[in-house]
Amino acid sequence: MDYDKLGLKMGLEIHQQLNSEHKLFCPCKTELVDDDYSELVQRKLRPTQSELGEIDRAALQESLRGLNFKYENFEKHTCLVENDDEPPHSLNEEALDICITIACLMNMHIVDEFHTMRKQVIDGSNTGGFQRTGMVATDGYLDTPYGRVVIESLGLEEDAARRIETKNGFTEFRLDRLGIPLAEITTDPSMHDPAQVHEVAYMLGQILRSTNVKRGLGTIRQDLNISIAEGARVEIKGVQDLDLMSEIVEREVQRQLVLIDIKKELINRNAEVLEEIHDLDELFEDTESKILKSAETIKAVVLKGYNGLIGREVQPGRRFGTEIASYAKKRGVSGIFHSDELPAYGITQDEVDKVSEFLNIGEDDAFIIVAHDEDIAVSALEEVKRRANLGLEGVVEETRKALDDGNTEYMRPLPTANRMYLETDIPLFKITSDRIEPIANNLPELPDVKQERIIKEYSLSGDLATQLVKRQEADMFEAVLADVDVDATPVASLLAYDLREIKREGYDINVLTIDHLKGIFTLLSEGKIAKDSVRKLAVETIKAPDMKISEIAEKNNLTMLSESDVAEIIAGIVQNNESMVKERQMGAMGPLMGMCMKELKGKADGGMVNKIVREEIQKLI
Amino acid sequence: MTYKENAKKYIENYNLGIGDKIKVNKEDISYTGILLDRPEDADDGYLVLKLSSGYNIGIAIEDTTAELLEKGEKPKIGFGETEIPTDPSKQNISIVSTGGTVSSVIDYRTGAVHPAFTASDLVKANPELLDYANYNVKALYNILSEDMKPEYWVKAAEEIANDISNGADGVVIAHGTDTMHYTSAALSFMLKTPVPIIITGAQRSSDRPSSDANINLIDSVIAAKSDIAEVCVCMHGSLNDEYTYLHNGTKVRKMHTSRRDTFRSINAQPIAKIQNKKVSINPDYSYTKRGVNELELNTAIEEKVGFIKSFPGISKDFIEYHIDKGYKGLVIEGTGLGHVPNELIDSFKRATDENIPIVMTSQCLYGRVNMNVYSTGRNIIDAGVISALDMTPETAYVKLCWALGQSDSREEVNEIMQTNIAGEFGEKSSIKDFLN
């Protein structure tokens, strides 16, 4: 596809959890919980008037679903703030500072005063019915191999509650994630090439990872804004896999092209969605279709001029009918039947003919059937009519969900600006230069830059350097080497590999301070311990963090002997085995080395032992 | 407009108004958005701009220039006036709004939640109310609950009596929660009512989707249509949006600063539980049925009543001051069974001598005052102090205000205080009535 010709435009929106100690507006930890909940609270939400005096269309749509919610509270991990039973506490300044760092790294302009806003979200994922969010910075940029990308805005907001399940009309959420600070980064929609989007997402990820952000699955979420010239802006939520990006783009462009084509054809045919909702109960009185038989009522609408178009594929495996169905589903039906796919689902050709006759269907016309309770069927068919009508406009502005195969599915209308109003429970927060300057003057190095520098500066292997940076141990590594004149490799390998193993063995590696590490590597640099003893000494230090490192080494028999002591011990061993030496000559080297190392392991350098054993043997032969 | 000094001058200088689309230029960046008003308590020197993304930001005006892009209208809060339809088959319920969280919206003047809705706004914001009744709605006044005064109780009682004589089948009063239990007690003493009088409010402001206002309000209307012709408080019964409790107006108290289920019956059980639009009345509670009482209004009240909490280290000056200042009565929140330091007892005697009744309540809140157990208590009785029995301190205070409105005589006031007028005290302390 020629994206330039189609006028493809894309923008990215990235949500990254910050690794602050506390949540954005309460003192709870920013950790997820897998325990059983201690309280389950039931709530309802309803849309309200927003700041500009209009009820928002996205909020209204959600409310019509009439869902009820349950919230899992945890005595130790959540508090009344997450439960919307206590006003928010003050803004978490640690989280704000992380955002200021990110803003500086992206050349952004930080606002003079941060205003916390309420963004209405009444799908239940926020107990208050709104997400707290604020603008930290605007108008930055990032230079990429494809040219400069404008970073439009950086927001600081609360993460939403985790959706656990929906059953019996209640959607259950876990409150552990609600309130974890999120940085929201939005680029302008100026990208034209999927590969560029991939590159920008990667670069943003690198920048974020140089700051104090959360790592791991679910801690970063990417959304894609996309449109083509004749289409409309669509926001695709939850693009987990960056490698899927170009597939998603391609399929969305395809979808928009088909929808534009359908629009043209509909206009050609003078198509029209008829208002009336018809009752088909009598026609299907003796139907063999299980779905229809079990429904309380069967209703239909007529789409004049839509014949054949509802079955048109918009994405692989998804038809225009699927798009219409996804709107209807929001009103509680599990699907629709459209004339392009019938007969099917136990509905016979004979029944189709009867319906066509009853509805007075012409050659170009189509119909859509819904089977459900009276209220839901009518409400779903209203949505069917609405979406079918929007077919005449081509592509609809909407929020869609990324599916695993690269397709997308309708979620809700695009949010509008009047979803936002001031969070009056939190005072305005001034961001002065006194706050920004120390941060701006002390920015973290970006990971790839840091990695390159460490390889050069310390002659480390690429692998060790990568691991150090990835595990955020590079600063510790450099701090040790700044004070201790020691070979870099054992330091890096303790920090990059051994510590992880030690943690897995159940030790609390956070006990190890920079001073402990310096102590351990000072002993190594002075030849007082062997390289092999570093890991063991680290473990013993975790067990007794208040003791002096040299005493720990001593107590655990990790201290090296002096060369003369070593020579004395070796001489004794060799002399005790004099007959073997005489018999096997230099062939005794192997067994003798074994005996000596058993005695001297961790107390003498292997190379030195080897040299002395050789000398002692030579003395005897 | 609440911009002050520098920012105000700046705005006037550029001829800008709230709601205008403007552009503010700084040295290296410019912002375009709608100029909003600034909370009154926020610092001078900043403009508030709503960006097209919907975000508000504050911009320091120093070293900036501004331009007007487009004149705009100030964003309006609230609904326009419309007719509320009536259905002769439905009961007529009066809704009286007094302000508070149940009827509040965001206020740009202070940047805080502020009472602003009228009662008719309430019906429009909660259209499902129309399924249950016809409404006569009135915004009596619009004040925060903490600004309540005894004179407002009188106004409310008069308004309610007026509505009832004009045929209301029930009355709902929207009230701020902080002093709701004072008002409910006051109305309990001032009104004998043939119909339910239900006071309700919200702990989460009604501008937010999670507000408890909607459920509290609808359940209050259900209660107002019921057979319980008493003054009651109707509020959330738990943290769930599931049911509400109807509390006796003299036995109820706000017990938590922020939770939805903050209102609890003290030394009593709720009168009824309302769930799925159904009222289930507590079988142990004998209530006054609809139509049994004739409407009677008695708003005579003495406002000069003091309310003092005893504490270790309190001096008799607290009592002497009130006597010197001409207070007509005093309610003491004593410790435990109803005690104060011995030092205060002489001052109590002086009050009694000067015909000033003193009523003893307990800061324990739960349980009954009994001054016979310890010698201090007996000395306090000897000094002429009246026991509030198991009344809440707030109810005792309101009742003393009302009793002093009925009589100047200390003996007669004593008599009134010991007479159960609106279910304000019980004879028996039940094992169930604690921390529930």
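Convention: sequence-line order gives letters A, B, ...; per-chain numbering from 1.
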Q. More than 12 non-hydrogen atoms from neighbouring residues, nucleotides or ligands closer than 6.0 Å to CD on B:Glu67, yes or no?
A. yes
ask   = Hey, is the main chain of B:Leu239 close enough, under 3.5 Å, to the side chain of A:Arg43 for a donor-acceptor pair?
value = yes
- Message: Are there over 12 heavy-atom neighbours, none belonging to B:Glu5, within less than 6.0 Å of that residue's CD?
- Response: no
If one checks every heavy atom of A:Thr116 against chain B at 4.5 Å, the contacting part turns out to be neither
For B:Tyr46 and A:Asp112, the nearest pair of non-hydrogen atoms, with its separation, is CE2-CB, 3.8 Å
Under 4.5 Å to a heavy atom of chain A? For B:Ala60 that would be both
If we only count heavy atoms from C-beta on, is the A:Leu80 to B:His256 side-chain gap below 4.5 Å?
-> yes
When rounded to the nearest 0.5 Å, the distance separating CD of A:Glu113 from CG of B:Asn56 is 10.5 Å
Under 4.5 Å to a heavy atom of chain B? For A:Asn126 that would be neither
Closest non-hydrogen contact found for A:Met135 with B:Ser53 is CE-OG, 3.9 Å
Checking B:Arg260 side chain against A:Asp84 main chain: does a donor-acceptor pair fall under 3.5 Å?
yes
To the nearest 0.5 Å, atom NZ of B:Lys50 lies from atom OH of A:Tyr421 at 11.0 Å
Crowded around A:Asp375 CG? As in, over 12 foreign heavy atoms under 6.0 Å?
no
Between the CD1 atom in B:Ile57 and the CD1 atom in A:Ile431, the distance rounded to the nearest 0.5 Å is 10.0 Å
Query - Atom NZ of B:Lys21 with >12 non-hydrogen neighbours under 6.0 angstrom - result: no
Note: B:Ser210 and A:Thr127 closest approach over all heavy atoms is CB-O, 3.1 Å
Here the pair of heavy atoms bringing A:Gly128 nearest to B:Arg208 is O-CB, 4.2 Å
Q: Taking only Lys NZ, Arg NE, NH1 and NH2, and the carboxylate oxygens of Asp or Glu, determine whether A:Arg46 and B:Asp241 approach each other closer than 4.0 Å.
A: no
Heavy-atom closest pair (B:Asn240 atom, A:Leu40 atom, distance to 0.1 Å) is OD1-O, 3.8 Å
B:Lys4 atom NZ: more than 12 heavy-atom contacts under 6.0 Å
yes
Taking atom NZ of B:Lys26 as the centre, report whether more than 12 heavy atoms of other residues, nucleotides or ligands fall under 6.0 Å from it.
yes
Closest non-hydrogen atoms of B:Ile215 and A:Lys44, given as atom of the first, atom of the second and distance, are CD1-CD, 4.3 Å
Margin query: For A:Ser153 and B:Tyr55, which I'm curious about, is there any donor-acceptor pair between the side chains at under 3.5 Å?
Written below: no
Okay, A:Lys70 and chain B: the region with an atom under 4.5 Å from a heavy atom over there is neither
Whatever's closer than 4.5 Å to a heavy atom in chain A on B:Asp28 counts as both
| task | Go through the side-chain N and O atoms of B:Ser258 and A:Asp85 and say whether any donor and acceptor fall under 3.5 Å apart. | result | no
| said: Surrounding CD of B:Gln275 (heavy atoms of other residues, nucleotides or ligands, distance under 6.0 Å), is the total greater than 12? | reply: yes
